[in-house]
K.L.:
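Dumping the structure here so I can ask a few things about it.
What's counted below: heavy atoms across the whole structure, side chains too, no hydrogens, waters or symmetry copies. Sequence lines set the chain letters: A, B, ... in the order given, protein chains first and strands last, and positions in each chain run from 1.
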There are 2 protein chains.
Amino acid sequence: MSACGEHDACTERALQWAEQICQEQGLRFTTLRRRVLEIIWADHAPTKAYDILAQLEQEHASAKPPTVYRALHFLLEHKLIHKLDSQNAYVGCSHPLEHEACYFLICKRCHVVVECCGRALDQAISDSAIAHNFSRQKTTLEISGECEACLQQ
Amino acid sequence: MSACGEHDACTERALQWAEQICQEQGLRFTTLRRRVLEIIWADHAPTKAYDILAQLEQEHASAKPPTVYRALHFLLEHKLIHKLDSQNAYVGCSHPLEHEACYFLICKRCHVVVECCGRALDQAISDSAIAHNFSRQKTTLEISGECEACLQQ
DNA sequence: AACATAGTTGTTACATTATAACATTACATA
DNA sequence: TATGTAATGTTATAATGTAACAACTATGTT
């Protein structure tokens, strides 16, 4: 479930990005928010809100659903995480400093999610919206299947 | 919310497709299933499960959540409807006889959903999956924004 | 230091979306 | 008509998410 070599580095990097982004934008990267982001980054699989809650509760007696959902809203708003609508689950954003539209490859076997932001695909989506005279505001693109590693087993 | 001229014709056509498909495949297109499909086809906006339930209850005293969800599962399984994951809502499939991968343009203002199945976009998605050595099994692509009609107002 | 204030967190309650599990009924066909 | 399968009825509960108000905390201002 790591797909990234040394996963600690991966988490570390994400937390530092978050720190930097919040600093730059005058946002408060509180202990709670940091901890939720850390839990989400524990691996590359999508994390469910109530699983986050279950973890938080162990360290933080007053954790309740709003505790988690508020942190999630904050992280989503500032693009530090994404919600996968097809799974009702959340993943860390793997390039919060360079946002365009993103899409996701979600492995059914190992649950690893890879975030892609290819120019070509983005262009194809835009073209299609334009062809229908549709003004595109938000795009949800989630592909589930099997990742390279799982296919090779 | 119609986006189709004479909407009755639209619903009528969908019900006949369903009838035909069920017949061909030896499936039972029961009153309940038919009625749920009809409710979904009442317009081109996504319909929520509990709104379907609210309608069914008025005509069918024993309707309960499982009543609706079973009908939805049946209709989904046989591709007579689609679920929009980004909205937790359901829309009629507008071309059940010719299935490829579909995507959706969802207008935030009038709620009309248009189902598209462009070859080019489908190809772009496939290419992208291939580039990541990912075997694509299911694709969720939902674009929300504003439709042509609403933009012109 | 005292205060004002805006943002964050605590707390309770509830809304929405969906499924499990088992009982009963309807339908097709031997 | 017996009989097996699929569909529906029924009760309960799981999973996901939000509203509303109270209490607290960080920060800047007098």
K.L.:
Whole angstroms only, please: what is the CG-P distance between B:L53 and D:dG9?
P.N.:
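Taking atom P of D:dG9 as the reference, CG of B:L53 is at 12 Å.
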K.L.:
Starting from C1' on D:dA7, measure out to CD on B:E77 and report it in whole angstrom.
P.N.:
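These atoms are roughly 14 Å apart.
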K.L.:
With a 4.0 Å limit, can you tell me whether A:N88 has a side-chain N or O closer than that to the phosphate oxygens OP1/OP2 of D:dG17?
P.N.:
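Yes, such a contact exists.
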K.L.:
Take the protein atom CD of A:E57 and the nucleotide atom P of C:dT11, then report the distance between them rounded to whole Å.
P.N.:
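Value for this atom pair: 13 Å.
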K.L.:
Given atom CG of B:L72 and atom C1' of C:dT17, what is their separation to the nearest angstrom?
P.N.:
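B:L72 atom CG is separated from C:dT17 atom C1' by 11 Å.
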K.L.:
Hey, quick one: are A:I125 and A:L105 part of the same hydrophobic cluster, counting side-chain heavy atoms closer than 4.5 Å, chains of contacts allowed?
P.N.:
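Yes, same cluster.
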K.L.:
Take the C1' atoms of the five end pairs on each side of the helix from C:dA1-D:dT30 to C:dA30-D:dT1, get both axes, and report the angle to 10 degrees.
P.N.:
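Taking five pairs per end, the axes differ by 20°.
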K.L.:
Treating primed atoms plus P, OP1 and OP2 as sugar-phosphate and everything else as base, which nucleotides of nucleotides 18-27 of chain D get B, S or - for protein heavy atoms under 4.0 Å?
P.N.:
BBB-----S-
K.L.:
For A:L27 and C:dT9, give me the distance from atom CG to atom P, rounded to whole Å.
P.N.:
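Interatomic distance, CG of A:L27 to P of C:dT9: 12 Å.
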K.L.:
Would you mind reading off the distance between A:Q87 atom CD and D:dA15 atom P, rounded to a whole angstrom?
P.N.:
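Nearest whole value for this atom pair: 16 Å.
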K.L.:
Please check if any side-chain donor atom of A:E24 sits under 3.5 Å from a side-chain acceptor atom of A:Q20, or the reverse.
P.N.:
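Short answer, yes.
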K.L.:
Report yes or no: is the cationic atom of A:R34 (NZ for Lys, CZ for Arg) under 6.0 Å from the centre of the six-membered ring of A:F29, at an angle within 45° of the ring normal?
P.N.:
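A:R34 over A:F29 ring: no.
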K.L.:
side-chain contact (heavy atoms from CB on, under 4.5 Å) with A:I40: which of A:L80, A:I81, A:T11, A:D51?
P.N.:
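The single option meeting the side-chain contact (heavy atoms from CB on, under 4.5 Å) with A:I40 is A:I81.
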K.L.:
Between atom CZ in A:F74 and atom C1' in C:dT9, what is the gap in whole Å?
P.N.:
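So the two atoms are 14 Å apart, to the nearest Å.
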K.L.:
Under 4.0 Å from OP1 or OP2 of D:dT8: is there any side-chain N or O of B:S62 that close?
P.N.:
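Looking at the OP1 and OP2 atoms of D:dT8, neither is under 4.0 Å from any side-chain N or O of B:S62.
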K.L.:
What nucleotide, of D:dG17, C:dT12, C:dG10, holds the atom closest to the side chain of A:K64?
P.N.:
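Nearest to the side chain of A:K64 among the choices is C:dT12.
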K.L.:
How many Å lie between NZ on A:K83 and P on C:dT17, as a whole number?
P.N.:
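To the nearest whole Å, that distance equals 11 Å.
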K.L.:
Between B:R136 and B:D122, is there a salt bridge with N-O shorter than 4.0 Å?
P.N.:
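A salt bridge is present here (some side-chain N lies under 4.0 Å from a carboxylate O).
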K.L.:
Compare the minimum distances between each of C:dT9, C:dT17, C:dG10 and the side chain of B:K48, then state the nucleotide with the smallest one.
P.N.:
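For the B:K48 side chain, the nearest candidate turns out to be C:dT17.
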K.L.:
At less than 4.0 Å, is any side-chain N or O atom of A:H60 found next to OP1 or OP2 of C:dT9? Yes or no.
P.N.:
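Indeed not, no polar side-chain atom of A:H60 lies that close.
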K.L.:
Which residue in the set A:L75, A:L72, A:L76 passes side-chain contact (heavy atoms from CB on, under 4.5 Å) when paired with A:K83?
P.N.:
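Option passing the side-chain contact (heavy atoms from CB on, under 4.5 Å) with A:K83: A:L76.
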K.L.:
Could you label the plane-to-plane angle of the A:H44 and A:W41 rings as parallel, tilted or perpendicular, counting under 30° as parallel and over 60° as perpendicular?
P.N.:
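Answer is perpendicular, since the angle exceeds 60°.
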K.L.:
So, A:T67 side chain and A:K64 main chain: donor-acceptor pair closer than 3.5 Å or not?
P.N.:
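Judged by distance alone, yes, a pair lies under 3.5 Å.
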K.L.:
Please determine if B:R35 and B:E59 form a salt bridge, counting it only when a charged side-chain N lies under 4.0 Å from a carboxylate O.
P.N.:
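Here B:R35 pairs with B:E59 in a salt bridge, since their nearest N and O are under 4.0 Å apart.
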K.L.:
Look at all strands and tell whether A:F29 reaches a base, only sugar-phosphate, or nothing, counting heavy atoms closer than 4.0 Å.
P.N.:
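No contact.
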